[in-house]
Amino acid sequence: MLSKIVRTVANQLILFILIFGLYVIAHGQITPGGGFQGGAVIVSGVVMLLVAFSSKELKKSLRERVLSIMESTGALIFIILAFVGIGTAFFYNLLVGTPIFGHIPPIGPNPGDIWTGGVVPLMNLAVGIKVVAGLSAVVLALALFSSGEEVEE
Amino acid sequence: MASLIAQSPILIIAIPLAAAFLIPLIGMVSQKARNALVVVSLVFVAFLVFALARDISINGIHIYTLGATSPDLTIPTGFMVPVRIILEVDGMSVFFSIIWSIVSLAAAIYSLSHIASETGQTRFYTLLMLMVMGGFGLMYTGDLFNLFVFLEIASISGAALIAYRTKFADTQEGGFKYIVVSAIASLMVLFAIGLLYAQYNSLNIAYLAQVIQYTTLDKIALALFLIAFAMKTGMVPLHLWFPDAYSVAPASITGMLVITSHACMYAAFRICFTLYGGVINAPVVGWIIIAFGLLTMFVGVTMAVYQKDVMRFMSYHAISQLGYMWIGVGVGLAVLGNPQLLATFGRDAMSGGIFHILNHAMYKPLLFFTGGALFHYTGTRDLTKMGGLAHKMKWTTILYMIGTLSISGIPPLNGFSSKILIYESVYQFHPILTITGIIVSILTLASFTKAFHSAFMGAELPEYKRGKEVPRSMIIGMLILAAGIIFVTLFPSLVVDWAIHPAADALIDQSAYINAVTGAIP
Amino acid sequence: MKFILGSGYTFWNPLIWIIVFLVVMVMVYFFRRRGQKGYKKGTDQARIFLCGEEVPEAEQRHIRVGNIYWGFFETLKEYYNFILKPHTGIINDYILWFVVAIAITVIILLIAGLAK
Amino acid sequence: MEHIPLNFPFLAAALLVGISFYIIIFKKNLIKLIMGIAMMASGVNLFLVALGYRAGGNAPIYTDVPEGPMVLPVPQALTLTSIVINVAVLALMLTIVIRIYRHTGSLDSEKSRKLKG
């Protein structure tokens, strides 16, 4: 556990990291971002907390069970969204043209419309949930390993 | 039903994936429901695979385009090249997926009691389903990059499963060796994909096969593909990791790893025959494969005779048997440019090699499962500590005998029928191949007799007097494979006509594979 | 139902073999029926007779795996010394073989390309 | 002569792969071996990204893009996928190495080996 200054600053900073990560996830369909990148940004915040507090402290709030549920749910949402279009083909983008994320962007340079992409933004969100849970579990497990502990079973 | 079959290529991949992520959620509620989910989803996938196989035997190659307005729309209007992720299932792919579905089902049922005393079973089944999904994807994918992705999925989950029993030191070492070897082999595959993409701007196998030139870069890419996949299958001299990883994994996983090794063999065939089929310098590549195959056969079996660890000994036999397949298909490749020789013996040699894959995929997992049963009963893999186990393990003994007779090619059993196809056709190409094959077969029988004698025969040893036959689900898992052996034994011609010849023809007939994708221009 | 597996050169019919096996089994059963009728389990008849010597314990009677095919390994000692040398079990060596195999294959393919 | 700098990324990729093969073959420390694999992955990824580059090209994002050529987006997508996969591979390798160290007390690939022959 590091000093009180570091812990306080980390506590404040995590909010900004979270917002930035969510921004990257939400703009995945029009910028070079997406579920994995945004999730990785959020997990960098988790790593910061891991350094500021110890892995034992963090283990109390980041439960392995919760992470496991989050990860499976994220992956399941992704697969269900892919299954939604199976009437025509797997991964078929059913939402294009509908009121939900349904705008069709013009070809060529454009100002960028976030309300596009059909199921892609939703899939990005699902991947984001999965990556946040999965990578946090990985860094937490490695940190606990190196301090000689086991992840709870 | 028709729409189910039309969608089946993706369902076969997506159902194990969905099940893999449902398992952690259901596993928190009930263990029985979780086990039921594993078995039911695998049974359903096996059903789909058989339905798809029947459809392919009637209607030919099956195409599935992900995300398109119609599953067979590979080239959308306004495009000249295939753009989307395409699954392409022909006779060869479906043949391998039949094997994979049967063995993964048997392995899952076998695992139910084999790992019943371990912790973290939910994760075991999650990884198992991911591995199943990776294997199916590897067999069905129509583009090179997804080949790499599915290869990595199968490797990562496989390595985690090998290292699953973390209380033993050797499992960790085996898992580490497997993941290092797989990671490097996969990266080289990716490098080769990059080399091809740089020249032809496409990742689709069918399109690439149409435009490929066989330049110097293509030759380097071919070598990288061939050796990387050969490393994953365990070809001598790249086999060194093979017994290390296979001997320490839980027995059910070892049985499945044998099939992932066959899947990598499938990828190597796909690259040589379909991707490079039109331009390849067939005799040279064929002879490279045959030379490595001879080495694989001989070194594998001589090392196997020497072993004292039951799983290690069987792993070396798996290596040696892989040599037969390399030789059979290698001879087919060597005469690929010569239609007359191909018709005389080339097609038969390839059929023999592919038939041997089917037989090997039945008896080798069965033998690994019996090895796992021995481990379950005695708690050791060391053959020097075993003896007289036939008194207590009657089922295991019978099943081991079926596997042994089959692997050594004793006539009524299926191992013989594929070996005779290989011997007779390969003899036309070069007699030394057949002679080596027969010597290897003799040594195989000799070493399995040795293991049989030291493990099962003799008086009952005092330390193994107590204890019961292994649990029922392990026996059922082994019986599924034994039933497969008996079926192929009784109806070899049926199997050859329905599964083996279509698979061999699918490899030879490169243009059908290309036309299925690029011929669909509206 | 077709049982025969045939190509230009091979002929293989599992049915004949199975019939032969059944005939052999019937013969074995026949000869076994003609054996001694007075065998009883649990009496001295079932005990091992070793020229009157004392029979050793089960553990000492069993031939362990290390002793089987001793002559084979003794004859092929040089081969096994040679073949066991590369089997070091060190992961670094495995990758070395991989690189060597790639290099050899690339060289063969390039030379074959030049010859054309 | 202006095309020569374009080949630099390929040379760098080849150099990275070559160095990483040297590390993997000759360094006995398992952590160094993992570093070698990570380096090899970077080399291959660099190779893939360099494939899609066009001189003076823009990033392939249509949002407020200036006029001009764009670089090829497909290799970038491939690279991203490959990075994601390598994260999983490296995490798994590190976990297993920690286990190996706990069991054998050594990180040397020769001293910690139990399986051979």
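Order of the sequence lines sets the chain letters (A, B, ...), proteins ahead of strands, with each chain counted from 1.
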Which atoms of [X] are under 4.5 Å from chain B, going by heavy atoms: the side chain, the backbone, both sets, or neither?
X      : result
C/F73  : side chain
C/L109 : both
C/F98  : both

Review point. Using non-hydrogen atoms and a limit below 4.5 Å, what part of residues 24-33 of chain C faces chain B?
Key: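 Hits under 4.5 Å: none found.
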
Point to revise | For chain C, the option from B/Y316, B/Y423, B/F176 that forms the most heavy-atom pairs under 4.5 Å | key: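 Looking at each of B/Y316, B/Y423, B/F176 in turn, B/Y316 comes out on top.
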
Point to revise | Under the side-chain hydrogen bond (donor to acceptor under 3.5 Å, both in side chains) test, residues paired with B/E173 that sit two or more places apart | key: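 Here the qualifying residues are B/K177.
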
Which portion of [X] sits near chain C, non-hydrogen atoms under 4.5 angstrom:
X      : answer
B/I288 : side chain
B/A230 : neither
B/V299 : both
B/E463 : side chain

Practice item. Could you tell me whether B/K219 sits above the aromatic face of B/Y214, with NZ or CZ closer than 6.0 angstrom to the six-membered ring centre and within 45 degrees of the axis? Key: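 Judged by the rule, B/K219 and B/Y214 form a cation-pi pair.
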
Check your understanding: How long is the gap from SG on B/C272 to CG on B/L226, to the nearest 0.5 Å?
Key ->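 That separation rounds to 5.0 Å.
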
Check your understanding: Say you draw a straight line from CD1 of B/I422 to CZ of B/F355; how long is it, rounded to the nearest 0.5 Å?
Key ->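 Here the rounded value is 10.0 Å.
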
